[in-house]
Engineer: 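Mind having a look at this structure? Questions to follow.
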Amino acid sequence: MTSDYYKKFSHSQRERFICVYPAYMNSRRTLAEGRKVPTALAVDNPTVSEIKDVCLSLGFNVGVENKMYPRERDKEPLARGRVRVQFRTDEGAPVNPEVPSRAELLRACCRLIPKLKTRLAGGGGKPTEGAGGSGGGGPQGKKNKKKKR
């Protein structure tokens, strides 16, 4: 019955675009929480903007919506959003023949998100933050307080 509803829309209309939520490829989610790729391929906390950038680089027509994944328990703004991807042309052929299915699209996103410049720059910044924090006065301040008592 629902297939009759979608027949009145062409593949280029937003109603026929497929939905991709970040939870589909989040390594911190279980299958019950909505992960759709194997843990070995999954990405650590992908964002909507990262998924959008990867889909655009693969040649897809993309739209971002401020919707929430139904299985998501976090109500934080970072957990919100979904990407709508035009997967087929009006003739019914895949937009990108190298990515013929929804599962292949998710796997391609998982392969390409870690290679994004934002991920590479973010990964390089994390160790310097940790090194700066440990050399500060955190644990040493507590030790000095105990000595003064």
Side-chain angles (χ1 to χ4, degrees), residues 1-3 5-140 142:
M1 219 196 260
T2 58
S3 62
Y5 172 76
Y6 287 106
K7 286 182 181 177
K8 65 182 178 182
F9 299 110
S10 69
H11 286 287
S12 61
Q13 291 179 310
R14 189 168 291 253
E15 288 81 5
R16 292 291 295 265
F17 288 15
I18 63 169
C19 295
V20 179
Y21 289 96
Y24 288 174
M25 56 197 86
N26 192 343
S27 63
R28 296 184 181 195
R29 300 280 179 249
T30 63
L31 290 175
E33 292 173 332
R35 182 175 41 83
K36 293 186 182 251
V37 297
T39 313
L41 292 176
V43 182
D44 186 36
N45 288 332
T47 63
V48 172
S49 62
E50 290 172 339
I51 296 169
K52 179 190 75 150
D53 292 341
V54 167
C55 290
L56 285 173
S57 71
L58 289 171
F60 290 105
N61 185 13
V62 175
V64 176
E65 297 176 341
N66 189 19
K67 297 286 184 174
M68 186 128 179
Y69 186 52
R71 295 186 197 174
E72 186 69 50
R73 285 183 251 141
D74 280 341
K75 303 294 183 193
E76 297 179 18
L78 293 176
R80 292 186 65 90
R82 74 176 173 198
V83 179
R84 299 291 295 253
V85 181
Q86 181 183 359
F87 199 66
R88 301 200 175 272
T89 62
D90 283 332
E91 293 79 32
V95 171
N96 185 346
E98 295 174 5
V99 186
S101 66
R102 180 190 305 246
E104 278 299 316
L105 175 65
L106 295 177
R107 286 188 198 106
C109 288
C110 288
R111 279 193 313 271
L112 295 174
I113 286 175
K115 297 177 184 176
L116 289 174
K117 289 183 179 179
T118 55
R119 285 281 173 140
L120 296 176
K126 287 181 182 176
T128 56
E129 291 172 7
S134 65
Q140 293 173 352
K142 290 180 182 178

Engineer: So, Arg29 side chain and Ala23 main chain: donor-acceptor pair closer than 3.5 Å or not?
Structural biologist: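 Judged by distance alone, no pair lies under 3.5 Å.
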Engineer: Per the side-chain contact (heavy atoms from CB on, under 4.5 Å) rule, which among Asn45, Leu112, Thr118 passes with Glu50?
Structural biologist: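 Only one option passes, and that is Thr118.
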Engineer: Indicate the atoms forming the closest heavy-atom contact of Arg119 with Pro46, along with that distance.
Structural biologist: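 Here Arg119 and Pro46 meet closest at NH2-CA, 3.4 Å.
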Engineer: Atom CG in Asp53, atom CG in Leu58: separation rounded to 0.5 Å?
Structural biologist: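 Interatomic distance, Asp53 CG to Leu58 CG, rounded to 0.5 Å: 11.0 Å.
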Engineer: Which residues pass the salt bridge (Lys or Arg N to Asp or Glu O under 4.0 Å) test with Arg82, not counting sequence neighbours?
Structural biologist: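 Glu65.
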Engineer: Any sub-3.5 Å donor-acceptor pair from Asn61's side-chain atoms to Gln86's backbone N or O?
Structural biologist: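 No, because the side chain of Asn61 does not come within donor-acceptor range (under 3.5 Å) of the backbone of Gln86.
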Engineer: How many angstroms lie between atom CG of Leu116 and atom OG of Ser49, to the nearest 0.5 angstrom?
Structural biologist: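 If we round to the nearest 0.5 Å, Leu116:CG and Ser49:OG are 8.5 Å apart.
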Engineer: Checking side-chain contact (heavy atoms from CB on, under 4.5 Å) between Leu105 and each of Ile51, Val54, Val85, which is the one that passes?
Structural biologist: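 For Leu105, the side-chain contact (heavy atoms from CB on, under 4.5 Å) test succeeds with only one of Ile51, Val54, Val85, which is Val85.
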Engineer: How long is the straight-line distance from CZ of Arg111 back to CG of Leu106, given to the nearest 0.5 Å?
Structural biologist: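 If I round to the nearest 0.5 Å, the distance is 11.0 Å.
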Engineer: Show the nearest heavy-atom pair for residues Pro22 and Gly81, with the distance to one decimal.
Structural biologist: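 Scanning both residues, the minimum pair turns out to be CD-O, 3.5 Å.
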Engineer: How long is the span from the CZ atom in Arg35 to the OG1 atom in Thr30, to the nearest 0.5 Å?
Structural biologist: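 Between atom CZ of Arg35 and atom OG1 of Thr30 there are 7.0 Å.
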Engineer: Looking at residues at least two apart in the chain, or sitting in another chain, which of them share a salt bridge (Lys or Arg N to Asp or Glu O under 4.0 Å) with Arg28?
Structural biologist: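 Partners of Arg28 under the salt bridge (Lys or Arg N to Asp or Glu O under 4.0 Å) test: Asp44.
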Engineer: Which pair of heavy atoms, one from Ala32 and one from Arg71, lies closest together, and at what distance?
Structural biologist: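 Scanning both residues completely, I find the closest heavy atoms to be O-NH1, 3.3 Å.
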Engineer: Classify the angle between the aromatic ring planes of Tyr69 and Tyr21 as parallel (below 30°), tilted (30 to 60°) or perpendicular (above 60°).
Structural biologist: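 Because their plane-to-plane angle lies in the 30° to 60° range, the rings of Tyr69 and Tyr21 count as tilted.
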Engineer: Over all heavy atoms of both residues, which pair between Cys109 and Cys55 is shortest? Give the atoms and the distance, please.
Structural biologist: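 Scanning both residues, the minimum pair turns out to be SG-SG, 4.0 Å.
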Engineer: I need the minimum non-hydrogen distance between Arg88 and Pro100, along with the two atoms involved.
Structural biologist: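 So the minimum-distance heavy-atom pair works out to NH2-O, 4.2 Å.
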Engineer: Using side-chain heavy atoms (C-beta onward) and a distance below 4.5 Å, is Ile113 in contact with Met25?
Structural biologist: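 Answer yes - side chains close enough.
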